[in-house]
Amino acid sequence: MKKLLLPVFILFLSLSCSEDSLVIPSENNILKFKNIDEILAFMKNGNENGNFVSFDEIYHEAVDQLSNAETEAEHSELLNTYRDVVTLSEETYVPTLSHTAYRKIINSDRLYVSDGSAHKVINDQFIVFCDEKNINELKKITSEQHLDSKIFKVFKYQSVDSDLNQTDGRVAANCGASILAEYFYNQGRCRDDRRVYIRGYTSFIVSGNQYTAAVISEAWGQLRTGTWCNWKPYPTTLSTRNCSFTVTFRINDVDYVKPFAFADYYGTTDEYEHILIQGPYSIPFTWQGGYTPTIQFTNAHLGASSREVNGNWAILDCQ
């Protein structure tokens with residue numbers, strides 16, 4: 001598979017992270033972290049050493065190749081080649097894994113190693129992990145179900161439960177763990193159409209039995225392109241404003257409520273996405289098994305725009 005190095009993505013992180021971490025991929029293109037701090041630092045700084053090819057880079061390469069396909073046969077062959085990375089849904093190229101921050105630390109096999117444990121991000125909800133010595137067995141796993149509990153553990157790191165009502169780019173949503181709004185700048189001519197998205201989602205960052213909660217806000221743009229005018233993400237100048245939310249999370253049967261607010265951001269360079277990450281706690285918890293912690297939005301107010309939507313904003317108000 002051709003490997004294409006893409007621009008480093010800018011991530012803003014407020015958790016306590018090791019700024020000096022240098023994570024070198026193994027010869028099998030697997031990142032090995034010491035702990036959650038190193039994971040978060042890599043999510044913040046991106047692929048600085050250039051030696052690691054992430055799932056996210058492969059996804060963007062796949063989309064570029066698909067959008068340049070000239071025949072139906074070539075397009076179908078590429079969709080089959082990259083079926084574990086990207087799908088075509090409602091004329092839009094969609095990653096098979098929606099969690100952008102995790103896409104940046106896993107390889108094509110969805111693997112990373114931390115704190116002596118090997119992890120595989122199975123889908124948009126579950127991570128399976130085990131002792132690093134069992135990584136070859138972990139690589140073969142495709143589902144979180146019917147696993148040997150003596151070897152493998154399953155952690156639900158994210159919920160998928162958006163419920164959106166959308167009109168003219170403004171949205172009113174029932175708050176949950178994942179919320180989304182868009183603005184469609186419809187020019188009436190396929191290749192001139194643009195969309196900008198704002199999304200909020202909750203998650204846990206996992207390092208073996210250690211985990212910490214995270215809340216993520218993400219803005220990105222899409223354009224129509226290629227022979228069939230399908231939608232794809234593209235680098236553009238992004239801005240966010242009036243971004244704040246409150247989350248409720250339950251750990252060990254205790255509820256916590258925490259508000260967050262981000263400074264307005266007006267980009268000056270092109271990015272595939274602009275991401276903000278906040279964490280309710282900077283100190284990881286230890287998971288003893290059993291009931292998995294939960295984290296949800298109580299309210300959220302988010303806005304995003306891009307250079308090519310004529311000054312319009314995707315606005316999400318959820319309360």
Side-chain angles (χ1 to χ4, degrees), residues 21 23-43 52-56 58-59 82-87 95-161 177-178 201-214 216 249-253 279 281 283-296:
S21 295
V23 180
I24 306 298
S26 71
E27 60 183 15
N28 296 319
N29 193 49
I30 299 173
L31 291 180
K32 293 190 176 184
F33 304 96
K34 294 178 182 177
N35 49 40
I36 286 176
D37 281 354
E38 283 199 349
I39 294 174
L40 292 170
F42 195 90
M43 288 178 174
F52 172 64
V53 181
S54 70
F55 187 101
D56 198 56
I58 296 169
Y59 160 64
Y82 290 110
R83 62 186 179 276
D84 294 331
V85 178
V86 62
T87 61
T96 55
L97 185 67
S98 69
H99 197 298
T100 308
Y102 268 115
R103 292 205 309 260
K104 295 179 186 300
I105 69 168
I106 60 175
N107 65 2
S108 59
D109 294 313
R110 302 182 177 220
L111 297 173
Y112 70 96
V113 173
S114 185
D115 197 26
S117 294
H119 306 72
K120 184 168 186 177
V121 183
I122 298 297
N123 49 35
D124 273 333
Q125 289 189 288
F126 295 100
I127 287 176
V128 175
F129 61 98
C130 62
D131 191 282
E132 186 179 353
K133 67 182 181 183
N134 296 313
I135 192 169
N136 289 331
E137 292 302 311
L138 178 64
K139 183 178 178 180
K140 301 173 186 176
I141 288 174
T142 59
S143 171
E144 75 282 0
Q145 299 180 355
H146 310 299
L147 300 177
D148 186 344
S149 60
K150 295 180 181 179
I151 300 175
F152 302 105
K153 295 182 180 179
V154 179
F155 194 97
K156 187 175 182 180
Y157 76 98
Q158 186 177 227
S159 297
V160 181
D161 61 352
S178 179
Y201 58 103
T202 60
S203 178
F204 291 98
I205 308 301
V206 182
S207 175
N209 285 323
Q210 296 288 308
Y211 66 93
T212 192
I216 302 167
F249 50 103
R250 169 165 287 196
I251 297 174
N252 298 327
D253 292 327
Y281 285 110
I283 300 174
F285 291 87
T286 299
W287 185 52
Q288 302 296 337
Y291 180 76
T292 301
T294 60
I295 178 170
Q296 305 239 348

Exercise. What's the spacing between Ile39 CD1 and Ser114 OG if we round to 0.5 Å?
Worked result: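 Those atoms lie 3.5 Å apart.
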Problem set entry | Distance (rounded to the nearest 0.5 Å) between Phe204 CZ and Ile127 CD1 |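 If we round to the nearest 0.5 Å, Phe204:CZ and Ile127:CD1 are 11.0 Å apart.
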Is there side-chain contact between [X] and [Y], with heavy atoms separated by less than 4.5 Å?
| X | Y | value |
| --- | --- | --- |
| Thr294 | Phe249 | no |
| Val113 | Phe33 | no |
| Lys104 | Met43 | no |
| Phe152 | Leu138 | yes |
| Ile106 | Ser54 | no |

Problem set entry | Other residues, nucleotides, ligands: >12 heavy atoms within 6.0 Å of Asn136 CG |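 Not more than 12 within 6.0 Å, no.
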In chain order, what residues pass the side chain to side chain contact (heavy atoms under 4.5 Å, CB included) check against [X], with sequence neighbours excluded?
| X | answer |
| --- | --- |
| Ser143 | Gln145 |
| Glu144 | Ile122, Asn123, Phe126, Val128, Val154 |
| Lys139 | Asp109, Leu111 |
| Thr87 | Val94, Thr96 |

For this session: Determine, stepwise, if the pair Gln210 / Thr286 fulfils side chain to side chain donor-acceptor pair (under 3.5 Å).
Result: CA-CA 5 Å; Gln210 296 288 308; Thr286 299; 2.5 Å; yes
Problem set entry | Test ring-ring contact (aromatic ring centres under 6.0 Å, His included) applied to Phe129 - qualifying residues, sequence neighbours left out | His119
Problem set entry | Residues which pass ring-ring contact (aromatic ring centres under 6.0 Å, His included) with Tyr59, listed by chain and number, not counting sequence neighbours | none
For [X], side-chain hydrogen bond (donor to acceptor under 3.5 Å, both in side chains) partners two or more places apart:
| X | answer |
| --- | --- |
| Lys150 | none |
| Thr202 | none |
| Lys32 | Glu132 |
| Lys120 | none |

Is a donor on one side and an acceptor on the other found under 3.5 Å between the side chain of [X] and the backbone of [Y]?
| X | Y | answer |
| --- | --- | --- |
| Asp115 | Ser117 | no |
| Asn107 | Asn29 | yes |
| Asn35 | Asp37 | yes |
| Arg103 | Leu97 | yes |

Exercise. Any chance the rings of Phe55 and Tyr102 have centres within less than 6.0 Å?
Worked result: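 Between Phe55 and Tyr102, the centre distance exceeds or equals 6.0 Å.
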Problem set entry | Plane angle bin for Tyr157 and His99 - parallel if under 30°, tilted between 30 and 60°, otherwise perpendicular |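 Rings of His99 and Tyr157: tilted, as their planes differ by 30° to 60°.
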For this session: Please report the shortest heavy-atom distance between Val206 and Phe155, naming the atom on each side.
Result: CG2-CD2, 3.8 Å
Exercise. What are the two closest heavy atoms between Ile295 and Ser203, and how far apart are they?
Worked result: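 For Ile295 and Ser203, the tightest heavy-atom pair comes out as CG2-N, 4.2 Å.
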For this session: Would you please say whether a donor-acceptor pair under 3.5 Å links the side chains of Ser98 and Asp124?
Result: yes
Exercise. What residues, two or more places apart in sequence or in another chain, satisfy salt bridge (charged side-chain N to carboxylate O under 4.0 Å, His left out) together with Lys140?
Worked result: Glu137
